[in-house]
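Note that this is a predicted model, so its numbers are computed, not measured. All values below come from the heavy atoms of this structure, side chains included, with hydrogens, waters and symmetry mates left out.
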Amino acid sequence: MNVKKQSSLGALKERVLGRRPAEDILATGNALRFAACMPEPLSFGSPHRGRLLLQGRLHIAGEERAIPDGNLWKLENLPGLVGEEILGFSWLDDLAAVRSPEAIGLAKTWVSDWITHSSTERNRTWRPEIAARRVMRLRHNEYILLAMAGPAFENQYFASLATHAKILRNRLGDTPMGVARIETLAGRVYAELARNGDRKAAIDVLRQIANAADMIIEQGLGIESRNPQELLIITESLQWCASLASLCGIAIEESFRNPIQKAVQILRVLRHADGSLARFHGAANPLPGRLDRALTASGHVRAAQRGLAMGFARLSAGQTTLISDVAPPQSGKHSRLAHAGTLAFELTEDGEPIVVNGGPGWLFGEDWHTRARQTGLHSTVEVDNTSSSRMSAPVLPTADRQEFILVCPDRVRVEQAPEIDDNTVIVSHNGYVPLFGLTHMRRIDMSTDGHRIWAEDTLWAENGENRRAFESVLTVRNGFLPFTVRFHLHPDIHPRVASDNRQVYIETSRNAWLFEYDGEADLALEMSQYFDEHQQQVRQNQQITLHARITRGRAAQLRWSFQRQNKQA
């Protein structure tokens with residue numbers, strides 16, 4: 001055997017047996033035949049979800065549902081976005097993460113059943129970006145799927161990849177310019193570089209994906225959806241394509257690396273000190289290690305200290321990070337995931353989240369998705385129980401109903417300048433002007449050690465036209481308008497209100513903080529919802545609320561702070 005070939009096969013066998021201890025199943029020659037262009041297993045899975053699948057159960061929309069007859073494809077009435085995850089084969093990574101013969105066997109069975117019974121009709125199953133996700137996950141787990149596989153399954157498997165390649169070639173135009181376009185192109189690279197694939201076509205697609213990514217990822221401005229998770233998916237898709245191309249002996253041009261570097265610079269701003277990703281606009285937090293691997297792959301490990309990127313402002317000192325949404329959400333026909341959370345913030349310290357947003361409600365069904373997108377599920381100001389961005393009525397009357405943002409702030413002014421303070425951000429938005437004539441301004445400061453955050457929220461009608469609109473509202477509202485400042489706390493936080501009802505003691509597992517406020521408001525602790533993507537459940541959490549009102553002829557202003565305390569033994 002050729003020495004070079006022997007070395008590559010040995011490396012593959014080491015990868016296979018290193019990740020899967022079931023040597024009696026995996027130590028075969030079948031998978032080794034495809035070593036030349038077999039991708040590394042780069043996508044992440046959850047062993048917890050995988051073990052649940054082995055037990056014949058699946059978390060769907062926050063509930064545990066039995067898998068009928070152990071057949072994943074007999075599940076019915078799946079919520080729209082959850083169904084897309086299943087059709088994109090996310091479960092395959094979960095089963096692979098279990099590292100057991102039973103999990104590998106179940107993965108092969110479900111893959112074979114899907115290939116046997118799937119069709120190529122123009123339905124959700126074959127939407128280009130979903131088909132592309134499926135290809136990448138199949139190929140990332142190719143070495144376990146082909147281990148001990150007979151010729152019939154091998155032929156079936158590669159014929160399916162060829163079908164995917166054809167569909168991805170023909171339906172690129174069906175995808176909007178964004179994460180769906182990048183995923184579709186990346187999936188095609190993976191399909192073209194499978195056995196008997198078209199290497200020349202793959203090289204052409206690599207150029208297409210570089211051009212598309214360069215258009216989609218603007219320097220500092222990121223992507224239009226402003227969804228951190230989507231930016232991470234785009235970054236990973238580009239990195240995976242570069243890795244696979246290198247394994248296949250295809251040189252990666254500098255034009256391909258440039259958009260990766262732009263994306264990574266933004267992801268550094270959106271990374272909290274504990275390694276988590278900011279959860280805005282429907283973004284779910286990736287499994288531990290996933291974000292850092294994407295940053296490490298590009299030579300950037302250390303998180304940014306502070307900055308503005310993709311419409312987010314980051315304050316950071318010591319082990320404390322605060323990330324705030326300081327730009328309008330996406331609106332229009334591609335805003336299905338966008339949230340009405342302008343000026344909301346997240347606060348993390350010493351590896352623990354403290355102040356949070358509700359999170360990705362879409363994982364738990366359309367009703368929770370709608371709830372999660374409202375301003376009331378974000379740590380910001382809500383006027384008269386009304387969101388700062390307004391949404392359409394559901395476009396579709398089914399489980400796949402879609403609601404888009406129609407009206408949102410069209411002027412968000414932000415300043416983060418060293419001449420003010422290294423750790424200060426001042427931002428305002430006019431999202432409440434159309435309804436109430438009111439502008440919301442928030443200033444946040446952080447101390448140089450990260451142990452104190454102090455801020456000020458102001459509501460006012462800033463010019464004659466807005467003042468007249470505000471006066472008109474007050475005329476029919478008994479002379480005042482209520483508003484609420486909300487601080488959603490992580491479910492693991494244990495708050496208690498002080499006897500003077502103007503302070504809240506907040507305990508984490510490691511530290512303690514004191515929340516205080518100044519101004520005319522009523523403080524309360526109220527229940528809320530936290531959409532936990534890792535525990536796959538809607539968890540109850542508490543929020544600090546400041547209920548206040550704005551009256552005729554004056555602005556409303558509340559000051560508040562979080563101060564690190566010495567935790568009592």
Strictly by ring-ring contact (aromatic ring centres under 6.0 Å, His included), give each pair with a member in residues 201-223 just once, sequence neighbours left out.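 Those involving residues 201-223 do not exist here.
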Between Pro409 and Gly431, what is the shortest heavy-atom contact and its length?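 Result for this residue pair: CG-CA, 3.6 Å.
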Parallel, tilted or perpendicular, judged at 30° and 60°: which one describes the rings of His378 and His339?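 Correct class here is perpendicular.
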Ignoring hydrogens and geometry beyond distance, is a side-chain donor-acceptor pair present between [X] and [Y] at under 3.5 Å?
X      : Y      : answer
Thr439 : Asn430 : no
Ser225 : Glu230 : yes
Arg181 : Thr175 : yes
Glu346 : Ser379 : no
His140 : Tyr190 : yes
Thr424 : Asp445 : yes
Gln529 : Arg539 : no

Are Leu295 and Leu267 close enough that some pair of their side-chain heavy atoms sits under 4.5 Å apart?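 Leu295 vs Leu267: side chains touch.
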Can you check whether Ile405 reaches Gln330 side chain to side chain, under 4.5 Å on heavy atoms?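 No, their side chains stay 4.5 Å or more apart.
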Which of these, Leu474, Leu438, Val473, sits in a side-chain contact (heavy atoms from CB on, under 4.5 Å) with Ile550?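 Only one of Leu474, Leu438, Val473 forms a side-chain contact (heavy atoms from CB on, under 4.5 Å) with Ile550, namely Leu438.
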With Leu435 via side-chain contact (heavy atoms from CB on, under 4.5 Å) - residues at least two apart: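 Thr386, Arg390.
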Results of ring-ring contact (aromatic ring centres under 6.0 Å, His included) for [X] - residues two or more places apart only:
X      : result
Phe345 : Trp560
His281 : none
His490 : Tyr530

Distance-only check: which donor-acceptor pairs under 3.5 Å involve side-chain atoms of residues 208-217, not counting sequence neighbours?
| from | atom 1 | to | atom 2 | distance (Å) |
| --- | --- | --- | --- | --- |
| Gln208 | NE2 | Asp204 | OD2 | 2.9 |
| Asn211 | ND2 | Arg207 | O | 3.3 |
| Asp214 | OD1 | Lys262 | NZ | 3.1 |

